[in-house]
Amino acid sequence: MTAHDRTAKDPDGRYRSFAAFYPFYLTEHVNRTSRRLHVIGTTLVIAAVACGFLVDWRFLVAAPLVGYGFAWVGHFVFEKNRPATFKYPLYSLAGDFRLWFEVVTGKRPF
């Protein structure tokens with residue numbers, strides 16, 4: 001299935017599933033520096049959440065700021081596109097973690 005497969009979207013033009021959305025997500029993250037920023041940001045989010053539970057709750061407040069900060073620099077500066085988070089917040093979050101997992105397991109280049 002491609003990002004432009006009409007069956008992947010509902011009548012309003014929104015993706016019907018994460019499986020349909022992810023190929024589109026990847027087309028929005030083709031710039032290597034942007035992908036690296038996403039991976040760094042997601043790693044810092046994971047660390048901040050862990051620190052939030054183990055050290056101080058304020059790390060939990062910092063987690064989304066750190067994650068979005070790195071990702072949005074990647075989009076606005078390097079990809080020159082609008083983050084899909086604005087239209088697909090949950091699918092985008094899932095995409096960030098899947099991309100992170102694929103990079104740290106060596107499936108996708110850093």
Side-chain angles (χ1 to χ4, degrees):
M1 180 182 321
T2 67
H4 303 291
D5 182 353
R6 292 181 191 268
T7 62
K9 295 184 175 185
D10 65 20
D12 293 332
R14 295 183 57 82
Y15 288 97
R16 295 175 187 239
S17 67
F18 177 71
F21 171 80
Y22 194 62
F24 165 73
Y25 176 93
L26 292 175
T27 67
E28 297 290 298
H29 298 85
V30 294
N31 181 280
R32 187 173 187 174
T33 302
S34 176
R35 276 195 320 274
R36 286 178 173 176
L37 288 169
H38 277 70
V39 171
I40 292 166
T42 302
T43 301
L44 291 173
V45 164
I46 293 167
V49 169
C51 287
F53 286 110
L54 299 173
V55 178
D56 187 328
W57 63 269
R58 288 176 281 204
F59 282 99
L60 296 173
V61 175
L65 301 174
V66 170
Y68 284 125
F70 276 84
W72 288 358
V73 166
H75 283 287
F76 294 126
V77 176
F78 297 99
E79 295 283 356
K80 307 277 194 253
N81 63 19
R82 186 172 182 253
T85 301
F86 298 131
K87 189 170 183 182
Y88 300 99
L90 296 179
Y91 285 166
S92 292
L93 182 62
D96 290 342
F97 282 100
R98 182 170 171 184
L99 176 66
W100 178 86
F101 181 78
E102 290 175 353
V103 169
V104 299
T105 59
K107 184 177 179 183
R108 199 164 298 281
F110 181 65

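Small disclaimer: the values here were computed from a predicted structure and weren't measured. Computed over heavy atoms, backbone and side chain alike; hydrogens, waters and symmetry mates excluded. By convention here, the first residue in the shown sequence is residue 1.
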[X] versus [Y], closest heavy-atom pair with distance:
X	Y	value
P64	L60	CD-O, 3.3 Å
A84	S92	C-OG, 3.2 Å
F70	L44	CE1-CD1, 3.6 Å
P23	A19	CD-O, 3.2 Å

Quiz prompt | Aromatic ring pairing Y88/F21, orientation class (parallel under 30°, perpendicular over 60°, tilted between) | solution =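 Ring orientation of Y88 relative to F21: tilted.
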Quiz item: Should the ring pair W72 and Y68 be called parallel, tilted or perpendicular, given that the plane angle runs from 0 to 90° and is split at 30 and 60?
Solution: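 Correct class here is tilted.
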Same cluster for [X] and [Y] if Ile/Leu/Val/Met/Phe/Trp/Tyr side chains link at under 4.5 Å?
X	Y	value
V61	F59	no
F110	V45	yes
F101	L99	yes
V49	L65	no
F18	F97	yes

Self-check item: Euclidean distance, S34 OG relative to F76 CZ, rounded to 0.5 Å
Solution: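 Answer rounded to 0.5 Å: 11.0 Å.
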Self-check item: OG1 on T85 to CD on E28, rounded to 0.5 Å
Solution: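 Between E28 CD and T85 OG1, I get 10.5 Å after rounding to 0.5 Å.
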Self-check item: Side-chain touch V73/F78, heavy atoms, less than 4.5 angstrom
Solution: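 Of all side-chain heavy-atom pairs linking F78 with V73, at least one is under 4.5 Å.
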Quiz item: Between R108, E79, R35, H38, which is the residue that forms a side chain to side chain donor-acceptor pair (under 3.5 Å) with H29?
Solution: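 Of the listed residues R108, E79, R35, H38, the side chain to side chain donor-acceptor pair (under 3.5 Å) partner of H29 is H38.
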Self-check item: CG (L90) with more than 12 external heavy atoms under 6.0 Å
Solution: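 No - once you tally the heavy atoms of other residues, nucleotides and ligands closer than 6.0 Å, there are 12 at most.
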Quiz item: For F86, does the CZ atom sit with more than 12 other heavy atoms under 6.0 Å from it, leaving out its own atoms?
Solution: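 Correct, the count exceeds 12.
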Quiz item: With Y15, which of Y25, F24, Y91 fulfils ring-ring contact (aromatic ring centres under 6.0 Å, His included)?
Solution: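 The ring-ring contact (aromatic ring centres under 6.0 Å, His included) with Y15 is passed solely by F24 among Y25, F24, Y91.
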Exercise. Using atom types as modelled and distance alone, determine if a side-chain donor or acceptor of R14 lies under 3.5 Å from a backbone N or O of K87.
Key: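 Judged by distance alone, yes, a pair lies under 3.5 Å.
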Quiz prompt | Pairing of R58 and D56 as salt bridge, 4.0 angstrom limit | solution =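 Between D56 and R58 there is a salt bridge, with a charged N closer than 4.0 Å to a carboxylate O.
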